[in-house]
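Structure, as structure tokens:
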Amino acid sequence: MRKEKILSVKICSSKESEILHSLDKRIKKGIPTVIFTPNTRMLLQANASPAFLNILNSSSLNIPDGSGILIASRMLGGNIKHRITGIDFASSLLALAEKRGYRVFLLGAERGIAKKAKKNLKTLFPKLKICGTHHGYFKKSGKENEKLLKKISSSHPDILFVCLGSPIQEKWITKNARQINSVKLSIGLGGSLDVWAGKVSRAPKIIQIAGLEWLYRTIKEPKRARIFFDIPVFLFKVWQSKHF
Ligand code: UDP
């Protein structure tokens, strides 16, 4: 996989089809793989926290989930040409899992959401094996966490979707995912379960294609308005990283 660094975070610049092909081979061979889906906010967090930077760079692959990352790559003379949103990538992974018979576990979101997402995904991917679900409001260490790890292990998933929001999901995956023997691929997917459950709607296709889904989500959820400040700060830091 081709990679380039943006604000010291390694980001994959390969096409989605190449990534899926490589992941399929890794799952078949049983190679443990971790995928994160960083956006500009996460790169800024990593820029401010060496510990989070280490976590992001410890993954097998970081896919570029955000138009800001494409602009940054262009500024740095890089090769990231396509934005791969976490949720679209996850849908491609689900199609692959259905085709190959890989077992998927859905972890995260409020009580009942992962179950609802499972039900809706079963209509989209009828042969998909969703071997278990669990909500995301559990203690992330200690007994409750151990119990959850046992529950996940006993359902023998090949792929683990972790939808706890960032940076909780990246920290949780790094600490826990490799302890579940059957899991070959873990991926952090933010609010994807809310979308599949129908709790949150995605932007119309034309807005997605224009790369403006972040604007749509900000209008719907004003708590996301911080993104208006994040983007100029992010691009300034990228510019700085090139010139100083
Ligand atoms: N969440 C969770 N456990 C937590 C905190 C958050 O399961 O301890 C869930 C929350 O319910 C939501 C998701 O994580 O479903 C975060 O969604 P958001 O869209 O904010 O994530 P982002 O993609 O912006 O990181």
Side-chain angles (χ1 to χ4, degrees), residues 9 11 34-49 52-53 55-56 59 62-69 83-91 93 104-121 130 132-149 151-152 160-177 186-203 207-208 211-231 234:
V9 178
I11 309 275
V34 167
I35 301 186
F36 296 140
T37 56
N39 53 23
T40 49
R41 178 168 47 94
M42 287 164 68
L43 292 196
L44 278 178
Q45 279 171 346
N47 190 249
S49 155
F52 189 51
L53 175 65
I55 288 179
L56 286 186
S59 74
N62 292 319
I63 63 169
D65 182 357
S67 312
I69 295 183
R83 174 176 179 235
I84 308 176
T85 63
I87 189 150
D88 289 328
F89 186 73
S91 297
L93 259 182
V104 179
F105 192 103
L106 307 177
L107 172 64
E110 284 164 14
R111 277 175 198 274
I113 295 288
K115 277 206 176 85
K116 207 161 174 206
K118 172 179 173 173
K119 196 170 154 241
N120 292 345
L121 287 172
I130 300 180
T133 61
H134 197 279
H135 67 84
Y137 291 86
F138 58 94
K139 283 228 176 72
K140 308 297 184 290
S141 58
K143 277 198 179 136
E144 201 182 340
N145 192 57
E146 295 299 320
K147 205 172 146 200
L148 172 63
L149 289 176
K151 176 182 172 178
I152 302 174
L160 179 58
F161 281 9
V162 184
C163 304
L164 304 173
S166 183
I168 304 175
Q169 62 198 13
E170 289 78 20
K171 289 181 182 167
W172 189 88
I173 289 176
T174 307
K175 232 172 94 197
N176 298 284
S186 320
I187 177 166
L189 288 168
S192 300
L193 290 174
D194 293 328
V195 176
W196 289 322
K199 186 183 166 208
V200 169
S201 59
R202 289 198 72 185
I207 295 179
Q208 290 178 34
L212 293 174
E213 195 164 19
W214 59 273
L215 184 59
Y216 177 88
R217 289 185 76 187
T218 308
I219 292 165
K220 291 216 137 190
E221 290 172 73
K223 71 172 165 78
R224 293 183 177 273
R226 58 177 188 257
I227 200 167
F228 286 110
F229 301 100
D230 284 354
I231 288 182
F234 171 71

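Whatever order the structure lists them in is the order used to number ligands and atoms, beginning at 1. Remember, it's a predicted structure, so these values are computed and weren't measured experimentally. The residues of the chain are indexed from 1 along the displayed sequence.
- Of the heavy atoms in Gln169, none comes closer than 4.0 Å to ligand 1.
- Under 4.0 angstrom from ligand 1, the non-hydrogen atoms of Asp194 all belong to its side chain.
- Looking at atom 14 (O) of ligand 1, its nearest protein heavy atom turns out to be Leu164 C, 3.1 Å.
- Note: Phe161 and Trp196 have parallel aromatic rings, judged against thresholds of 30 and 60 degrees for the angle between ring planes.
- Crowding of Lys139 atom NZ: a count of heavy atoms from other residues, nucleotides or ligands under 6.0 Å not exceeding 12.
- Atom NZ of Lys140 has more than 12 neighbouring heavy atoms from other residues, nucleotides or ligands inside a 6.0 Å radius.
- For the pair Asp88 and Arg202, the salt-bridge criterion is met [side-chain N within less than 4.0 Å of a carboxylate O].
- Remark: ligand 1 and Gly136 share an N or O pair separated by less than 3.5 Å (distance only, no angle test).
- Among the atoms of Ala109, some N or O lies under 3.5 angstrom from an N or O of ligand 1.
- In this structure, the protein non-hydrogen atom closest to atom 13 (C) of ligand 1 is Gly190 O, 3.8 Å.
- Interface of Ser166 with ligand 1, defined as ligand atoms under 4.0 Å from a residue heavy atom, comprises 25 (O).
- Annotation for ligand 1: atoms under 4.0 Å from non-hydrogen atoms of Gly165 are 13 (C), 14 (O), 16 (C), 21 (O), 25 (O).
- Nearest protein heavy-atom contact of atom 8 (O) of ligand 1 is Lys140 NZ, 3.1 Å.
- Less than 4.0 angstrom separates some heavy atom of Gly108 from each of these atoms of ligand 1: 7 (O).
- Using a 4.0 Å cut-off between heavy atoms, Glu170 makes no contact with ligand 1 at all.
- In the vicinity of Gly191, heavy-atom distances shorter than 4.0 Å reach the ligand 1 atoms 17 (O), 18 (P), 19 (O), 21 (O), 23 (O).
- The distance from atom NZ of Lys175 to atom CD1 of Ile173, rounded to the nearest 0.5 Å, is 13.0 Å.
- Nearest protein neighbour of atom 11 (O) of ligand 1, counting heavy atoms only, is Tyr137 OH, 2.8 Å.
- What sits closest to atom 20 (O) of ligand 1 on the protein, heavy atoms only, is Arg224 NH2, 3.4 Å.
- Under 4.0 Å from ligand 1, the heavy atoms of Arg41 that appear belong solely to its side chain.
- How far OG1 of Thr174 is from CD of Gln169: 10.5 Å, rounded to the nearest 0.5 Å.
- If you check the side chains of Asn39 and Trp214, you find no donor sitting under 3.5 Å from an acceptor.
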